[in-house]
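As structure tokens, the structure follows; a few thoughts come after it.
Residue numbers count from 1 along this sequence. First listed ligand is number 1; within each ligand, the first listed atom is number 1.
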Amino acid sequence: MALPRPIVLGNWKMNGLRADSLALAGRLAERAARLTGTLGLYPPATILSQVAARVHGSGFLVGGQDCHHEESGAYTGSLSAAMLADAGARSVLVGHSERRHGLGEDDALVRRKAEAALAAGLGVVVCIGETEEEYLAGKRLDVLRRQIAGSLPDKVDAARLVVAYEPVWAIGTGRTPSSDDIATTHAELRSMMADRYAAGADVALLYGGSVKPDNAAEIMARTDVDGALVGGASLDADSFWSIYTAGGGA
Ligand code: PGA
């Protein structure tokens with residue numbers, strides 16, 4: 001079943017110890033007795049099972065921030081998709097720019113991770129986006145086309161795939177493309193997805209990169225923007241909830 005819109009996902013990154021994180025999850029769960037859209041929390045893996053238990057019954061999606069591409073084996077420090085599912089995850093982020101650019105993950109590896117997530121029964125959020133250099137050189141669409149061709153699995157049920165467009169230069173910087181530029185990019189992405197899969201036009205497309213309560217409504221009002229992937233502002237219950245309601249969620 002497709003996720004109800006708006007889809008607002010909070011990527012906590014490497015932030016939060018147990019007490020504060022569970023308090024944050026609890027504050028959100030209290031507000032969201034019956035979600036009309038989709039709210040997702042992507043906590044550090046160490047507290048994933050506790051966050052999942054804390055929001056159990058509230059309809060929140062809880063997910064991992066990354067997974068290994070193999071099912072099991074001698075990969076010290078890594079977590080498989082099945083382990084995340086076992087801890088209570090229903091979804092996983094792959095291909096975040098902090099892993100692509102910070103840790104050298106390429107399209108082929110991101111695709112294998114996405115396939116591993118699907119094989120473990122998880123939904124997958126594949127992050128794509130151009131660097132500032134690529135943006136300034138006018139290569140935005142070429143980069144997105146390449147990432148869509150290379151980092152998405154060939155076979156996927158559209159309801160289990162989310163694509164998050166996150167310009168690398170907008171992440172954590174307070175800078176965003178104009179909402180017109182985001183709308184143009186998302187319309188292009190919609191048609192790229194329709195070319196890639198039979199039901200590709202139904203795949204949810206999120207915008208990410210410095211989404212805050214004061215720009216969320218304008219960004220999420222655009223036709224092909226189905227929601228947002230939120231970093232910094234997802235660490236505060238009021239901000240995260242405001243972003244969700246600005247996108248039409250209740
Ligand atoms: P930001 O991060 O909202 O802090 O810019 C977004 C992301 O990395 O997903």
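- Using a 4.0 Å cutoff on heavy atoms, Gly209 counts as a contact of ligand 1.
- Remark: the Trp169 side chain and the Glu130 side chain contain an N/O donor-acceptor pair separated by less than 3.5 Å.
- Contact atoms of ligand 1 toward His96: 7 (C), 8 (O), 9 (O) (distance under 4.0 Å to a heavy atom of the residue).
- When each of Leu61, Val51, Leu48 is checked for a side chain to side chain contact (heavy atoms under 4.5 Å, CB included) with Leu41, only Val51 meets the rule.
- Every heavy atom of Ala233 sits 4.0 Å or more from the atoms of ligand 1.
- Residues satisfying the ring pair (Phe, Tyr, Trp, His ring centres under 6.0 Å) criterion with Trp12, sequence neighbours excluded, are absent altogether.
- The nearest non-hydrogen atom to atom 4 (O) of ligand 1, considering only Ala164, Gly232, Ala228, comes from Gly232.
- Every residue two or more places apart in sequence or in another chain was checked for a side-chain hydrogen bond (donor to acceptor under 3.5 Å, both in side chains) with Arg27, and none qualifies.
- When side chains are defined from C-beta on, Ile243 counts as touching Met220, because their heavy atoms get closer than 4.5 Å.
- Annotation: atom 9 (O) of ligand 1 to nearest protein heavy atom, Glu166 OE2, 2.6 Å.
- Within the listing of ligand 1, atoms 9 (O) sit less than 4.0 angstrom from a heavy atom of Leu229.
- With distances taken over non-hydrogen atoms, the option nearest atom 6 (C) of ligand 1 out of Gly10, Pro167, Gly231 is Gly231.
- The residue from Arg99, Glu70, His68 that alone fulfils the side chain to side chain contact (heavy atoms under 4.5 Å, CB included) condition with Lys113 is Arg99.
- For ligand 1, the atoms sitting less than 4.0 Å from at least one non-hydrogen atom of Ser210 are 1 (P), 3 (O), 5 (O), numbered in the order shown with element in parentheses.
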